[in-house]
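Everything below concerns the one structure shown next.
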Amino acid sequence: MKVLVVDDSKVARTIIRAVILDQHPDWSVSEAPNAAEALALAAREPFDIFSIDINMPGVDGFTLVEQLRAQGAQGRMALFSANVQEPVRQRAADLGVAFISKPVTPISVTALLAAVGCGTA
Amino acid sequence: MTDWSELELDALTEAFNVGVGSAAAVLSKMVGAEVVLSVPELRVVDKAAALASFGLAVSDRICAVVQPYGGAFESRALLMFTEARSYDLVRAVVPDYMTDMQMGDMAQDALIEVGNLVLDACLTAVGDLLACTLTTRVPALVKGEAGEVMAQMEGNEMMLLHMLFSIKDKNIDGYVGFLLDQQAMQALQQAVARFLSAHL
């Protein structure tokens with residue numbers, strides 16, 4: 001599996017990556033600090049799973065989901081955010097993507113993988 | 001001044017993000033509308049330089065909810081607004097049918113409630129990140145000229161988070177600050193460094 005983690009926090013990206021690789025050492029995990037880099041990476045190679053932060057400088061996570069799809073991305077997507085308001089969760093549901101609440105911990109990353117259909121259990 | 005690395009500030013910003021996000025979820029239920037949050041920015045500044053980085057003059061009138069807390073770090077957390085913004089915030093959180101006169105009585109309580117909510121959520125998120133307990137005590141509202149309010153506070157370094165949020169088409173600028181003395185700031189930094197070395 002190939003995963004793209006999009007988050008403006010390097011700490012968040014690094015922990016998400018470490019937890020995924022701990023559970024799935026044979027997967028590859030790429031990182032992007034913003035939407036522009038995520039779009040550029042996804043244009044070069046296909047990803048199976050996208051973990052996307054919502055509140056990022058510039059383009060936000062919701063818009064990025066739409067832009068990735070418009071660009072032909074086929075992977076399963078999850079929004080991974082500290083913004084846990086009901087209207088935000090609803091917008092994720094309307095877009096047809098999973099929503100996982102931060103903080104980034106082994107438990108929340110495992111929940112993210114389960115939400116995109118790649119649980120370990 | 002304590003020198004913070006980009007990664008250390010990044011880790012704390014994530015914790016504040018979680019705190020502000022969970023407070024916004026409660027606020028959103030209180031006001032029956034989404035609270036639109038900006039990307040917060042965290043800086044560590046001298047208390048003397050804090051006002052300028054707030055974009056405030058010493059004579060500007062501000063309103064601050066001050067929340068003392070103890071536990072791993074003994075300090076004060078503040079949620080500050082300019083007085084004008086504080087009225088916008090109160091207007092957003094109290095019911096529309098309240099008259100201005102009734103509002104006067106409620107404004108103070110409403111601000112303390114919001115301040116307590118935001119600060120408690122931020123302290124909880126920082127405590128969770130660093131695996132330490134921070135216990136909040138009773139918050140109070142302080143009003144006055146910015147220079148005077150800052151002068152009253154103990155502590156010489158300030159960790160400052162600038163956040164922009166909008167509620168019901170009102171744009172509200174708020175500042176979350178932790179006032180710490182150098183010893184407490186170093187203890188906080190050591191805890192962040194421990195977190196980073198355990199997780200990265």
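Both backbone and side-chain heavy atoms feed into the values below; hydrogens, waters and symmetry mates do not. Order of the sequence lines fixes the chain letters, A, B, ..., with proteins taken first and strands second; residue numbering starts at 1 for each chain.
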Nearest 0.5 Å please: distance from the [atom1] atom of [X] over to the [atom2] atom of [Y].
X        : Y        : atom1 : atom2 : answer
B/Leu196 : A/Thr14  : CG    : OG1   : 9.5 Å
A/Thr105 : B/Leu129 : OG1   : CG    : 11.0 Å
B/Leu9   : A/Ser9   : CG    : OG    : 11.0 Å

In terms of heavy-atom contacts, does [atom1] of [X] have more than 12 from other residues, nucleotides or ligands at under 6.0 Å?
X       : atom1 : value
B/Lys47 : NZ    : yes
B/Glu6  : CD    : no
A/Gln67 : CD    : yes

Restricting to side-chain contact (heavy atoms from CB on, under 4.5 Å), what partner residues turn up for A/Asp48, sequence neighbours left out? A/Met1, A/Lys2
Tell me, please, which residues at least two apart from B/Ser59 pass side-chain contact (heavy atoms from CB on, under 4.5 Å). B/Ala57, B/Glu145
Closest non-hydrogen atom pair between [X] and [Y], with its separation:
X       : Y       : value
A/Ala12 : B/Glu14 : CB-OE1, 3.6 Å
B/Ala25 : A/Val84 : CB-CG2, 3.7 Å
B/Asp10 : A/Asp8  : OD2-O, 4.4 Å

Same cluster or not: are [X] and [Y] linked, directly or through other Ile, Leu, Val, Met, Phe, Trp or Tyr residues, by side-chain heavy atoms under 4.5 angstrom apart?
X        : Y        : answer
B/Leu37  : B/Leu89  : yes
B/Leu119 : B/Val18  : no
A/Leu79  : A/Leu112 : no

Between A/Gln90 and B/Glu34, is there a side-chain heavy-atom distance shorter than 4.5 Å? no
Given that the side chain runs from C-beta out, which part of A/Arg13 has a heavy atom under 4.5 Å from chain B: side chain, backbone, both or neither? neither
Specify which of B/Asn17, B/Val35, B/Leu7 makes the most heavy-atom pairs with chain A at under 4.5 Å. B/Val35
What part of B/Ser28 lies closer than 4.5 angstrom to a heavy atom of chain A: side chain, backbone, both or neither? both
Between chain B and each of A/Ser81, A/Ala18, A/Pro57, count heavy-atom pairs under 4.5 Å; write down the option with the most. A/Pro57
